[in-house]
**Student:** 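Below are the structure tokens for one structure; questions will follow.
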Amino acid sequence: ASLVAPRRLGDGTLLVVAHTNTAASVWRVEPNRAPTRVVDVPEAVAVQAGLDLSPDGRRLAFLAAGDQRLRVLDLATGTVTRFAARAAHP
């Protein structure tokens, strides 16, 4: 797995996305504690690129490979918002 989209929060917690060819999940890494899984990323098999956590650590944005549409995952609820416009990545 590769670790991508690291985001350090104000309390010192680090959020990272662990991504493989078939799955992705968000992990919380706190000082002096074992890492814990926050949420599995739905549609992870279709993740193409662009994984990025919001500055406040509440959402994860990614591009889906099939239709290249932007999705935003709410980490607290697991809800995925799909946007109609197609996006591109560099």
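FYI, the numbering just counts along the sequence from 1.
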**Student:** Table please: side-chain donor-acceptor pairs of residues 51-63 below 3.5 Å, with sequence neighbours left out.
**Tutor:**
| unit_1 | atom_1 | unit_2 | atom_2 | d |
| --- | --- | --- | --- | --- |
| Asp52 | OD1 | Arg7 | NH2 | 3.3 |
| Ser54 | OG | Asp56 | OD1 | 2.6 |
| Ser54 | OG | Gly57 | N | 3.4 |
| Ser54 | OG | Arg58 | N | 3.2 |
| Ser54 | OG | Arg59 | N | 3.1 |
| Asp56 | OD1 | Arg58 | N | 3.0 |

**Student:** Quick check: closest heavy atoms across Arg37 and Asp40, and the distance to 0.1 Å?
**Tutor:** NH1-OD1, 2.9 Å

**Student:** With clusters defined by side-chain heavy atoms of hydrophobic residues (ILVMFWY) lying less than 4.5 Å apart, directly or transitively, does Leu75 cluster with Val29?
**Tutor:**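 In one cluster with Val29: Leu75, no.
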
**Student:** Atom CZ in Arg28, atom CZ in Arg33: separation rounded to 0.5 Å?
**Tutor:**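 Reported value, rounded in 0.5 Å steps: 10.0 Å.
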
**Student:** Taking all atoms of both residues into account, what is the closest heavy-atom pair of Ala5 and Val17, and its distance?
**Tutor:** CB-CG2, 4.1 Å

**Student:** Indicate yes or no: at least one non-hydrogen side-chain atom of Leu73 is less than 4.5 angstrom from one of Val39.
**Tutor:**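 A side-chain contact under 4.5 Å exists here.
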
**Student:** Specify the closest pair of heavy atoms between Pro31 and Gly12, including all atoms of both residues, with the distance to one decimal.
**Tutor:**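 Smallest heavy-atom distance, with atoms named: CD-O, 4.1 Å.
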
**Student:** What is the distance from atom CG of Leu14 to atom CH2 of Trp27, rounded to the nearest 0.5 Å?
**Tutor:**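 CH2 of Trp27 is found 13.0 Å from CG of Leu14.
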
